[in-house]
Structure formats: structure tokens, C-alpha cells
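Chain A is the first sequence line, chain B the second, and so forth, proteins listed ahead of strands; every chain is numbered from 1.
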Amino acid sequence: MNWIDHESYLEIYPPKEFNFEECLIFLGRSNQEVLHQIKDGAVYKLIKIKDSLILCKIGYINNCIKVEFPIRTPSILVRKKVGEYIWELFDLDQDLGEFYQMASRDKILKNLAHKYFGLRIMCIPDLFEALVWAIMGQQINLPFAYTLKQRFVEQFGEFITFEGERFWLFPSFEKIASLNVDDLRKLQFTTRKAEYIIGIAKDMKCGKLTKELLLQQDYHQVQTSLMLIRGIGAWTADYVMMKCLHQTSSFPIADVGLHNALRNLLSLKEKPTMNHQLA
DNA sequence: ATCCAGGAACTGT
DNA sequence: ACAGTTCATGGA
């Protein structure tokens, strides 16, 4: 992690393959997002560090990420945690040099890599959030997935108010572990999804499932341990490894969004199938 | 109305 | 192992 603490703000120095604007476009893709807001070229996000709620304004000035604290400046220890969180949020440990070398030789990726240079995977550092968000998104359209997330967060999450706006935190697994299926059915979760999510919350509450344990495992071990959990199939396991566990081998190949992207890119009449051969 | 959506579990062979 | 069915609801 490459950063400087200026007490009232942080400066984080990203690697050279980084484009804040492209990342911001991704973060702003849905106007139903409740876990961050974008204003004046900066991301406003509420973070919880050891029971304290920290509102962060994440901007970009002079080739570095500038993190400010609109409400109050936290202690040095908390600032360090905030810096680590944001480093992880933008996936800045990843060295993309090799990827871009590979992409420049790839017929399909070449133009994309150039067009979106510096866009990184926007991570979901909280394992519970990553798992729940993936499960919410199973087999439904994205706008409805965001609707479910909004209801879930506003029903069970914490918030603070700043300048008349609410900034929300994703609900904790402790809280969700104590719910029953009907609590989530009221928000129009299916019975299955409600069971999956509460089950995962309970696994995390009893310490059976933690990010630390998963981070010690390699790609196949993580995939196996995640898929043992009810509600997690190959797609969800790969999605979570990609968005939360920084597993560069993960690739949700069955993802409908990827299929549609390929169809658009290659001007195919139909979506490519899993065994589609690219000419 | 009909089909699909950032799938997964369940059932039957 | 593998294919077919069910879950459930919003959006186009």
C-alpha cells in the first residue's frame, strides 16, 4: 500500500494502470445504488471501522486518490484502516501490466483494453455483502436486484445523515442471522434466497465462514468451500472470488452479462453459448 | 402475453 | 455425470 497520511486527509498513490474516471463510471452505473453516492467527481461512502461510522469522500487530484472526511477526522489508527479499505476497494494490489500485455495481443480484448484502460474491478471488500449481493442477483434483472438491495439495506442497515442525505452501511451478518425467512419475504425475496442469505449469515456468525479462512486457500479450494454452501453455485463462487477475494483465476463464465457483452462486441445475432467457438 | 434476467437446488435417469 | 424442472418476480 502506497499512501501518505496528511491527518485531515489521505493521499493514496495508485499503480500506473489506473483511471479514476473509468472506475467512477462503473460505480455510477445504477441510480438505485444505496451504498455509495457520486457527486462532483468524487465517491461518498460510509465505512465502518471497529464500531465507528466514517463518511469518506474519495476524489482524484494530481494523479492520486484523495480521501477526505466530511464529518470528522478519525484517529490515525482508523485512518490507516480506511486507507487499506479503499486500497482494496479499487483493487490496487493487482499488477495489471501482464494483463495489458496479454490483452494487446488478443483480437477481442485489444480494443477494449485500450478503450477502458485503467478501469479496474471495483471490489466488495465485505465478504457478507459480496455473497448476499451475488445471491440477490441470481436469475433476475439488474434493476430488480438493486431494488432488493435497497430494501434490504434500508430495512436492516445502519445509516448516518450528512447535509440532509442518508449514507447507508450494508447490514451485518449478526443482524441478518437473527432474521427468519418471512422477514425477507416481505421485501419480495424468494423463499430460497431468504434461506440462502440467512444461512450464510449464520455460518459467518458462528465463525465457520470468514474471509480470512478463504484468503488462505487457492482458487480451487475456495471454489470448493464456497460451493459447499447452500445457494452458492459456480457463478456465485467465481463472482465472489473476483469481487472480494482478489482471485485472478476466477471468471464467472456463465454470466449473462458477459455473454451479452460478447454478442454486442462481435455483432452476433444470438448470445454465444458455453461451447461457442470464436473464429 | 411471452420471454428473459449478472442461477441454483432438486429430481429423475 | 447429465438433462429437465421448479423456484418466483420484475422488466422489455
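- Side chains of F152(A) and L184(A) form a contact here, defined as non-hydrogen atoms less than 4.5 Å apart.
- Residue-level contact check: L148(A) touches neither bases nor backbone, having no heavy atom under 4.0 Å from any strand.
- At whole-Å resolution of the value, CD1 in I253(A) and C1' in dG7(B) are 15 Å apart.
- The gap from the P atom of dA8(C) to that of dT2(B) amounts to 22 Å, rounded to the nearest Å.
- Because its NZ or CZ atom is not both nearer than 6.0 Å to the ring centre of Y44(A) and within 45° of the ring axis, K57(A) does not count as a cation-pi partner of that residue.
- The side chain of Q139(A) lies closest to dG7(B), out of dG7(B), dG11(C), dT9(C).
- Residue pairs meeting the salt bridge (Lys or Arg N to Asp or Glu O under 4.0 Å) criterion with at least one partner in residues 204-224 of chain A, sequence neighbours excluded, are E88(A)-K211(A), D203(A)-K208(A).
- Atom CG of D255(A) is separated from atom P of dG7(B) by 6 Å (rounded to the nearest Å).
- Note on F189(A): nothing from the nucleic acid sits closer than 4.0 angstrom, heavy atoms only.
- In this structure, the CG atom of D238(A) is 13 Å from the P atom of dG7(B), given to the nearest Å.
- With distances taken from any side-chain atom of R230(A) to the nucleotides dA8(B), dG11(C), dC10(B), the minimum falls on dC10(B).
- In this structure, the CG atom of N141(A) is 14 Å from the C1' atom of dG7(B), given to the nearest Å.
- Here dC3(B) presents its P atom at 14 Å from CD of E270(A), a figure rounded to the nearest Å.
- Residue I140(A) contributes atom CD1, which lies 16 Å from atom C1' of dA12(C) at whole-angstrom precision.
- Considering only side-chain atoms of R192(A), the nucleotide from dA5(B), dT6(C), dG10(C) that sits closest is dT6(C).
- Contact annotation for I135(A): no contact, since no heavy-atom pair falls under 4.0 Å across all strands.
- Between R185(A) and dT9(C) there is a side-chain polar atom (N or O) within less than 4.0 angstrom of OP1 or OP2.
- Taking only side-chain atoms of T236(A), from C-beta outward, the nucleotide of dA5(B), dG7(B), dG11(C) with the closest atom is dG7(B).
- Ring planes of F162(A) and F167(A): tilted class, angle from 30 to 60°.
- Each of G231(A) and L142(A) has a nearest nucleotide on DNA chain B; the 5'-most of these lies closest to L142(A).
- K149(A) has its NZ atom 22 Å from the P atom of dT9(C), to the nearest Å.
- Taking the ring centroids of Y100(A) and F117(A), they lie under the 6.0 Å cut-off.
- Comparing I229(A) and G257(A) along DNA chain B, the residue whose closest nucleotide (by nearest heavy atom) sits nearer the 5' end is G257(A).
- Proximity of K193(A) to the phosphate of dA9(B): no side-chain N or O atom is located under 4.0 Å from OP1 or OP2.
- Residue side chain Q138(A) does not reach the base of dA8(B) through any donor-acceptor N/O pair under 3.5 Å, judged by distance alone.
- In this structure, N260(A) atom CG and dC3(B) atom C1' are separated by 14 Å, rounded to whole Å.
- Taking W3(A) as the reference, nothing meets the side-chain hydrogen bond (donor to acceptor under 3.5 Å, both in side chains) condition, with sequence neighbours excluded.
- Within the 4.0 angstrom heavy-atom criterion, only backbone atoms of the sugar-phosphate kind lie near T191(A); the bases stay farther away.
- Each of T147(A) and T190(A) has a nearest nucleotide on DNA chain C; the 5'-most of these lies closest to T190(A).
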